[in-house]
Asker: 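Pasting in a structure now, in structure tokens, and then I'll have a few things to ask.
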Amino acid sequence: MRNKELLLIPGPTPVLDEIYDALASETRGHTDPRFVATFKNAIEQTKEMLQTDGEVYVVAGSGTLAMEMAIVNTVAEGEKILVISHGYFGDRFTPLAKAYGIEVDVLQSEWGKRVDAKLVEEVLATGSYKAVTVTHADTSTGVASDLETLIPLIKAAGALAIVDGVVATAAMEENMSKRYGNNPDHKIDIVLTGSQKAIGVPPGLAIIAFSKKALQARAELGQIRAYYADINNWRGVMDNPSTYFATPPVNLIYAYDTALKIVLDEGMDNRIARHVAYGKAVRAALREYGMHAIADESIAAPTLSCILYPDGVVDADFRAGLAKRGIIIAGSLAHLAGKAFRIGHMGNTTPEMLEQAIRQIGDVLQELGVQVNSEQAVTALKAELAVTVQ
Ligand SMILES: *Cc1c(COP(=O)(O)O)cnc(C)c1O
């Protein structure tokens, strides 16, 4: 492994040597047939990962650009969306949509909790929403959304279901051909993500898939107030990557293509199970240290956890102690800053990395005067990992 440090923040995530190698390929022209073949393959693999019969777009940018593409290509000025927010990233859809003159209603949960599905149903019944945004896992709180419940409600209300998968895609189920409930039309309309989270590529790609229904919504809008973010400008390139609209990030696409091969070789079912095990294992181990996630285990995300500090542990000291040992974790956002830390456990992260992190966290806690038993924590970690990861 080329990495010298363990990057256990909720993105970017550890990059494998194979992916670095792909990134360091000789840069070719974006219309060179050899690159075009790779780009085509990356697009096909994206479709396969998301099981979409619609279209995918892979462009230079970050997850936020993909969020913007989802909104601006489906909702017109003056139309209304509903934002279901479980934290900081859910909230981001509000100013984003308002910037385009879109009306926004928001259902916000308390941080660490989920929005009540009953409330979603009630609000959907009162308004006419063009689209509803759901953050599959909110990276500020470690809360996962319940798509099984939400998608049928959203679709029954006639809205487009937009799923922000930035910390979920390639780790949690986002199967766009899956029917939720009994109605064959109750499917996810848009999945959007970035390269640097559960896919495990360095930051720099915005990735988004549109269902046929979402594409129809784009067609009905006609001219939109966007240019780079207008999927109509990218359609030709995605159909035939030897054509030009704006220069694609050639090397990142080499890396992305390699990462997707790793994803598909592992298989989405295996990956989903592995991430469930990772989430449970990390939280079980940290509980042995007296550290608890802000989200109840029943709604906790498989890809990252937001963990409250025990009394007396200072955020800056804790994270600096870990950084000295080569383990990088993240602080928390907004009102949780200083009170909790966030640890990513996704993508190319291995059980060995998680064990190393748990041991080092134990050492740092000891150093900070908290009595802990690392062996017990590692045993708890391994017990959960053993369920699905050999
Ligand atoms: C990271 C993240 C984003 C923002 O992605 P950027 O790549 O930082 O623009 C949006 N939504 C979620 C859920 C995220 O985790």
Side-chain angles (χ1 to χ4, degrees), residues 7-15 50 57-72 81 83-97 99 106 108-109 111-112 114-115 131-147 150 161-174 188 190-209 228-229 249 252 255-256 259 275 278-279 294-295 299-306 328-334 336 340-347 349:
L7 191 56
L8 299 183
I9 63 174
T13 58
V15 175
L50 296 170
Y57 301 84
V58 178
V59 306
S62 77
T64 305
L65 175 65
M67 292 169 75
E68 193 152 341
M69 289 170 78
I71 299 295
V72 75
I81 65 166
V83 169
I84 300 173
S85 175
H86 298 135
Y88 181 91
F89 288 99
D91 287 346
R92 177 166 283 194
F93 278 108
T94 300
L96 190 163
V106 190
Q108 259 165 335
S109 65
W111 278 33
R114 267 183 189 161
V115 171
V132 179
T133 66
V134 180
T135 309
H136 201 173
D138 202 297
T139 318
S140 60
T141 59
V143 169
S145 290
D146 175 15
L147 299 187
L150 294 177
I162 298 177
V163 174
D164 174 349
V166 182
V167 82
T169 306
M172 295 169 73
E173 186 185 62
E174 289 172 346
I188 299 171
I190 290 183
V191 171
L192 64 98
T193 194
S195 52
Q196 78 277 22
K197 301 204 179 168
I199 302 173
V201 170
L205 290 177
I207 300 144
I208 186 165
Y228 187 86
L252 267 175
Y256 178 59
H275 283 88
Y278 278 13
I294 68 160
I299 61 168
T303 47
L304 85 142
S305 302
C306 178
I328 313 299
I329 59 165
S332 276
L333 304 171
L336 285 177
F341 67 91
R342 294 175 305 145
I343 181 165
H345 29 78
M346 71 186 111
T349 304

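Residue indices begin at 1 and follow the sequence shown. Just follow the structure's listing: the first ligand is 1, and inside any ligand the first atom is 1.
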Asker: So which heavy atom on V83 is nearest to which on T94, and how close?
Answerer: CG2-OG1, 4.0 Å
Asker: Side chain of H86, backbone of V115: donor and acceptor closer than 3.5 Å?
Answerer: yes
Asker: List the atom pairs, with distances to 0.1 Å, where a side-chain N or O of residues 198-208 and a protein N or O form a donor-acceptor pair under 3.5 Å, not counting sequence neighbours.
Answerer:
none

Asker: Exactly which residues line ligand 1, taking a heavy atom under 4.0 Å from it as the test?
Answerer: S62, G63, T64, M67, F89, R92, T135, A137, T139, D164, V166, V167, Q196, K197
Asker: What are the two closest non-hydrogen atoms of E173 and L147, and how far apart are they?
Answerer: O-CD1, 4.1 Å
Asker: Taking the side chain as everything from C-beta on, heavy atoms only, tell me whether V166 gets closer than 4.5 Å to L192.
Answerer: yes
Asker: Would you find a donor on one side and an acceptor on the other, under 3.5 Å apart, between the side chain of T135 and the backbone of D164?
Answerer: no
